[in-house]
Engineer: 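What follows is a single structure, and I will ask about it in a moment.
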Amino acid sequence: MDDKNYENKLESFFEGYLKKEPLFINKKILQSNYTPEIILHREEQINQIAEVLAPSLRMEKPSNLFLFGKTGTGKSLVAIYTINKISIIAKKNNLPIKVFYLNCKLKRVADTEYRLISQLCRELGVEVPATGLPTDEVYKIFIREIEQTKTLLLIVLDEIDQLVRKTGDEILYNLTRLNSELKESQIAFIGISNDLVFTDSLDPRVKSSLSEEEFVFPPYDAIQLQEILRERAKMAFREKVVDEGVIEKCAAYAAREHGDARRALELLRVAGEIAERKNETKIATKHIDMAEAKIEKDKILDIITTQPKQFKITLYSILESEGKTGRVRTGEIYEKYKENCKSCFVKPLTQRRVSDIIAELDMLGIINAKVISKGRGGRTREICLAVPAINIPKIFNCLKEGLNL
DNA sequence: AGGTATTCACATGAAACTATTCTCTGAGTTAGG
DNA sequence: TAACTCAGAGAATAGTTTCATGTGAATACCTGT
């Protein structure tokens, strides 16, 4: 009887699913790598960049260019959009212009000097081994390859601040020097950075040659976010699926941070997915709250499952001691950490390393760690969790399982 | 009371080390002529 | 003699350790009133 009932239920679920019209027409439009035809509220920046890059169409090397702005302000989008347009015009007029986009943060793609250059080689169609070669050998391959034909290269280096922080700024010096070694071809760089004061830390020579023009992308305000969301929602969802106030709430949530359009779009997309999964015909404002919680939870669970064991033990130790006292110091955590290591037979790391791990957990947004000085009490990080309280037990258990504690 | 020197408990930096993965090179080996 | 194999040298990289230096402000310690 129960079986029969269950079967019917499942059948009708599938039937219903089939009959039901999906909320989405095209989910891609809400994904972060989507480039829309019209970019709202960035006309000024696009024009400025276009002006700088236009000489490339006459085969003159344009000025190097730097774009600054917080995450989700449309830097990458605008850069990609503009170079794509140039690429199209160039193709139409048979101009030998090549454009590349590299994200320097992507692990194992372009996050070191060697990988950056080898990735460029790969884009040019030369296979370069992932390791084993000296770096200047790869430079040589790259130079040889572009010198074969007279070409103008436009290279976008996204999140270049990450690369420099990790590997130092000689890499930029090497890149700018490339042009003087090239006889036939020329290269122009477009750097993109989240860090507004990034160029201050650079060697002045590098700075002056790499950052000939600079543009700052201001954050979107709530009204602008609303327009962007409306525009995309129109294409992504079927008509009348988005409830009253949903767009506004999405925009408000994202504006609360710093006008992060990427986050706004993600919220809307996830809200749509939740509504669809729940078999609802409309996306309501409550779905946005659920979306926010889900994004947060997924982010953390993803980190927990992918990070190495040492991170897990550290986080577990933080959870343990934070649960009691609210805020904890590095030293306390390290003590707990050592105990925990012993109980799961892992060789503990030095305090130096654990300190770094704590800093990284902070970067990932799982915890809030603020360096404070307590006078004679010394200087330390004051740590508390940055996770909604509801999710804590789940994380706790997840960690516990992962560590066999 | 007011000023300043100390001191705590780590933070932060730099360099060096370990272990792994990969290429390149050249000596030694093999098989065919 | 040409082709093949295979060990060893050298690179890149991630994750760490070791050593060294930095640091903000509560407190101890003076000083002069």
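Every value quoted in this text rests on a predicted model; they were computed, and no experiment measured them. Lettering follows sequence order; numbering is per chain, from 1.
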Engineer: Rounded to whole Å, please give me the gap between NZ in A:Lys370 and C1' in B:dA9.
Structural biologist: 18 Å
Engineer: Rounded to whole angstrom units, what separation is found between the NZ atom of A:Lys309 and the C1' atom of C:dA14?
Structural biologist: 19 Å
Engineer: Taking CD1 from A:Ile372 and P from B:dA9, how many angstroms apart are they, rounded to a whole number?
Structural biologist: 13 Å
Engineer: Check A:Lys370 with A:Asp362, please: is the shortest side-chain N to carboxylate O separation under 4.0 Å?
Structural biologist: no
Engineer: Can you tell me whether the side chain of A:Arg379 and the base of C:dT23 have a donor-acceptor pair closer than 3.5 Å?
Structural biologist: yes
Engineer: Using whole Å, what does the distance between atom C1' of nucleotide B:dA19 and atom NZ of A:Lys347 come to?
Structural biologist: 13 Å
Engineer: More than 12 foreign heavy atoms under 6.0 Å from NZ of A:Lys282: is that the case here?
Structural biologist: yes
Engineer: Return the residues of residues 112-139 of chain A meeting this criterion: a heavy atom under 4.0 Å from some atom of DNA chain B. Order them by number, or give none.
Structural biologist: A:Pro129, A:Thr131, A:Gly132, A:Leu133
Engineer: If the cut-off is 4.0 Å, is A:Thr350 near the phosphate of C:dT17, judged by side-chain N/O to OP1 or OP2?
Structural biologist: yes
Engineer: OP1 or OP2 of B:dG13 versus the side-chain N and O atoms of A:Arg353: is any pair under 4.0 Å?
Structural biologist: no
Engineer: For a 4.5 angstrom cut-off between non-hydrogen side-chain atoms, does A:Arg327 reach A:Glu322?
Structural biologist: no
Engineer: If the cut-off is 4.0 Å, is A:Lys166 near the phosphate of C:dT13, judged by side-chain N/O to OP1 or OP2?
Structural biologist: no
Engineer: In terms of relative ring orientation, are A:Tyr220 and A:His41 parallel, tilted or perpendicular, with 30° and 60° separating the classes?
Structural biologist: perpendicular
Engineer: Quick check for you: to the nearest 0.5 Å, what is the distance between A:Ile86 atom CD1 and A:Leu152 atom CG?
Structural biologist: 9.0 Å
Engineer: Using whole Å, report how far CD of A:Glu335 lies from P of B:dA9.
Structural biologist: 12 Å
Engineer: In chain order, what residues pass the side-chain contact (heavy atoms from CB on, under 4.5 Å) check against A:Glu137, with sequence neighbours excluded?
Structural biologist: A:Leu133, A:Pro134, A:Lys140
Engineer: Rounded to whole Å, please give me the gap between OH in A:Tyr334 and C1' in C:dT17.
Structural biologist: 11 Å
Engineer: Tell me if the side-chain of A:Arg376 makes a donor-acceptor pair with the base of C:dG24, cut-off 3.5 Å, by modelled atom types.
Structural biologist: no
Engineer: Does a side-chain N-to-carboxylate-O contact under 4.0 Å join A:Arg262 and A:Glu257?
Structural biologist: no
Engineer: Output the rounded distance in Å from CZ (A:Arg352) to C1' (C:dG22).
Structural biologist: 12 Å
